[in-house]
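Counting convention: from 1, in listed order, for ligands and their atoms alike. When reading the values below, keep in mind they use all heavy atoms of this one structure, side chains included, and skip hydrogens, waters and symmetry mates.
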Amino acid sequence: MLCTNIQQRFALAAAGLFVALALSGCGKQEGATPAASGAAPPAAPARVLVVGTDAAYTPFESQNDKGDIVGFDIDVLKAVAQKAGIEVKFVNTPWEGIFNALDQGDRDLLVSAITITDERRQTMDFSQPYFDARQLIAVKADSPVAKFEDLKTLKVGVQNGTTGDEVVGKLLGKSSTAIKRFESTPLALKELEAGGVQAVVADNGVVVHYLANNPGGGFKTVSDAGFPVEKYGIAAKRGNAALLDKVNQGLEAIRTDGTYEKIYASHFGTAPK
Ligand code: ARG
């Protein structure tokens, strides 16, 4: 269309602007969510909380043939949720992006055999500890390795960004090329079997379980009293005290009524240590 005078042009521009505003959603009211407007109404219906877990960590978290996420951590958090009156669903979340997913609000909680460390406390909050662990060395059955120090001259596999990675980094130097970092702990252990690394350092529960289920791998474990005790915690975004309070109350409740002990025994075959 050809505009013949200024008024017509102005009218057309105004109409165009109106359409553009309407399309861009300016003035849209009904769609506004409580989150978008900043304040959650007190009576909001309970939301299913999304829990991130790196489900390649048997017996703590793994995916069964049906695709369900199962394991000790899962049973613990399900029992905690029941006591705390919260609803949870588990979403497989690779370790490498897991803390970021929490930070971005894509996950409400993380349960993933996560060791509570001072460094992590800077960027997220943790529940009370729910499990004690320690690093453990896996080597080939004929390896001369007898203590952690002996790894100094070897190629060592770890899961990237774990506490195993951290301790090995201290021994060999963080940027040492002798440290081979893998996306998951099972991948590091497979590489040990293939001979690409001469040792793997990872959480004891996972190493013990892997060896028991791969008798043909020809592995043995070496423990070292120098490894500190690690405590697993459930992580929430920094400042989410109300949610962590509920989780802690749930943890307390399953400890006192014997549920925790039952879950522990069903996965580890012994009473909690
Ligand atoms: N406990 C170790 C850490 O916090 C390893 C945890 C790895 N967990 C997992 N599901 N992959 O660093």
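- For the pair K237 and D125, the salt-bridge criterion is not met [side-chain N within less than 4.0 Å of a carboxylate O].
- Of the charged side-chain nitrogens involved, at least one lies within less than 4.0 Å of a carboxylate oxygen, so that D108 and R47 count as a salt-bridged pair.
- Closer than 4.0 angstrom to ligand 1 sit non-hydrogen atoms from D54, Y57, E61, W95, S112, A113, I114, T115, R120, Q159, T162, T163, D203, Y232.
- Take Q63 and apply the side chain to side chain contact (heavy atoms under 4.5 Å, CB included) test, not counting sequence neighbours, and it matches I69, N92.
- The two atoms that bring T93 and A101 nearest to each other are CG2-CB, 4.3 Å, heavy atoms only.
- Relative orientation of the F268 and F60 rings is tilted, given thresholds of 30° and 60° on the angle between their planes.
- Taking each heavy atom of V197 and A188 in turn, the nearest pair found is CG2-O, 4.1 Å.
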